[in-house]
Amino acid sequence: QVQLVESGGGLVQAGGSLRLSCVASGRTSSSKTMAWFRQTPGKEREFVAAIDWSDGNTDYADSVKGRFTISRDNVKNTVTLQMNSLKPEDTAVYYCAAKVSGSLWYRKYDYWGQGTQVTVSS
């Protein structure tokens with residue numbers, strides 16, 4: 001089992017920045033890829049960004065490319081999502097996720113955090 005705990009959400013004005021963190025614990029050695037997803041009421045959970053633990057390769061949704069950056073710290077078992085130039089449409093609950101197999105672009109994940117709210121005001 002892998003446990004994931006997110007932090008760093010909050011309220012920010014459009015154009016501002018926020019940094020989300022996700023700390024992984026438990027059987028972290030089994031985790032191959034980490035990702036961030038987001039969800040707004042009435043909509044399906046949406047992929048945001050992913051990173052491979054071993055080689056650091058990344059993948060981003062088109063909607064956040066050039067604005068968000070995902071990174072990892074293998075020593076601290078932490079994944080960070082730096083969000084810049086935030087827009088009101090980025091408002092959502094952001095979830096950290098981990099998977100034990102599959103390519104970087106495979107969107108099915110095994111473990112999920114509780115989520116952290118990000119609100120961007122216009």
Side-chain angles (χ1 to χ4, degrees):
Q1 291 286 335
V2 176
Q3 292 79 43
L4 304 171
V5 178
E6 305 99 334
S7 62
L11 173 64
V12 65
Q13 287 189 333
S17 299
L18 277 177
R19 179 187 294 254
L20 305 182
S21 293
C22 173
V23 179
S25 61
R27 293 188 61 185
T28 56
S29 60
S30 67
S31 178
K32 180 175 182 293
T33 307
M34 299 287 290
W36 288 94
F37 286 74
R38 65 188 182 186
Q39 189 170 25
T40 54
K43 292 188 177 181
E44 290 190 358
R45 198 166 292 187
E46 172 190 29
F47 169 77
V48 176
I51 188 166
D52 188 285
W53 267 126
S54 59
D55 59 22
N57 284 340
T58 58
D59 183 31
Y60 294 92
D62 288 343
S63 59
V64 307
K65 279 180 182 176
R67 300 188 298 122
F68 291 11
T69 303
I70 189 170
S71 59
R72 94 273 195 226
D73 184 327
N74 296 65
V75 174
K76 296 181 179 179
N77 289 328
T78 300
V79 173
T80 298
L81 185 68
Q82 177 66 43
M83 305 185 294
N84 298 328
S85 301
L86 282 161
K87 305 174 181 180
E89 52 263 43
D90 294 317
T91 295
V93 177
Y94 283 69
Y95 296 91
C96 179
K99 63 181 180 183
V100 301
S101 63
S103 73
L104 181 65
W105 300 274
Y106 184 56
R107 298 285 186 255
K108 189 175 185 299
Y109 281 73
D110 305 299
Y111 303 102
W112 295 86
Q114 300 275 17
T116 184
Q117 177 71 45
V118 171
T119 303
V120 184
S121 63
S122 57

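What you see is a predicted model; the values in this text were computed from it and never measured. Residue numbers run from 1 in the order of the sequence given.
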Pairs flagged by salt bridge (Lys or Arg N to Asp or Glu O under 4.0 Å) wherever residues 54-68 is involved - sequence neighbours left out: Asp59-Arg107, Asp62-Lys65, Arg67-Asp90

Hydrophobic cluster membership, Met34 vs Val48, 4.5 Å side-chain cutoff: yes

Partner set under salt bridge (charged side-chain N to carboxylate O under 4.0 Å, His left out) for Glu46, not counting sequence neighbours: Arg38

Path from Val79 to Met83 over hydrophobic side-chain contacts below 4.5 Å: yes

From OG1 (Thr91) to CD (Glu89), nearest 0.5 Å: 8.5 Å

Set of residues satisfying side chain to side chain contact (heavy atoms under 4.5 Å, CB included) with respect to Ser71, sequence neighbours excluded: Thr80

Side chain to side chain donor-acceptor pair (under 3.5 Å): pairs with one or both residues in residues 108-117, sequence neighbours excluded: Gln117-Thr119

Residue pairs passing the ring pair (Phe, Tyr, Trp, His ring centres under 6.0 Å) test where at least one lies in residues 40-59, sequence neighbours excluded: Phe37-Phe47

Report, one line per pair, each donor and acceptor closer than 3.5 Å where one atom sits in a side chain of residues 16-23; sequence neighbours left out.
unit_1	atom_1	unit_2	atom_2	d
Ser17	OG	Asn84	OD1	2.9
Arg19	NE	Gln82	OE1	3.1
Arg19	NH2	Gln82	OE1	3.1

Candidate pair Glu6 and Leu4, rule side chain to side chain contact (heavy atoms under 4.5 Å, CB included), full reasoning: CA-CA 7 Å; Glu6 305 99 334; Leu4 304 171; 5.5 Å; no

Contacts of type salt bridge (charged side-chain N to carboxylate O under 4.0 Å, His left out), residue Lys32, not counting sequence neighbours: Asp52

Cluster companions of Tyr106 among Ile, Leu, Val, Met, Phe, Trp, Tyr (side-chain spacing under 4.5 Å): none

Residue pairs fulfilling ring pair (Phe, Tyr, Trp, His ring centres under 6.0 Å) with at least one residue in residues 62-84, sequence neighbours excluded: none

Same cluster (ILVMFWY, side-chain, under 4.5 Å), Val100 and Ile51: yes

Thr33 side, atom OG1; Lys99 side, atom NZ - distance, nearest 0.5 Å: 4.5 Å

Distance-minimising heavy-atom pair for Gly9 and Val118: CA-CG2, 4.2 Å

Those residues that, when tested against Ala49, pass side chain to side chain contact (heavy atoms under 4.5 Å, CB included) (two or more places apart): Tyr60, Ile70, Leu81

Contacts of type side-chain hydrogen bond (donor to acceptor under 3.5 Å, both in side chains), residue Asp73, not counting sequence neighbours: none

Minimum-distance pair of heavy atoms, taken over all atoms of Ser122 and Ala14: CA-CB, 4.4 Å

Backbone of Glu44 reached by a side-chain donor or acceptor of Gln39 within 3.5 Å: no

Hphob cluster co-occupancy, Val12 + Trp36, side-chain heavy atoms under 4.5 angstrom: yes

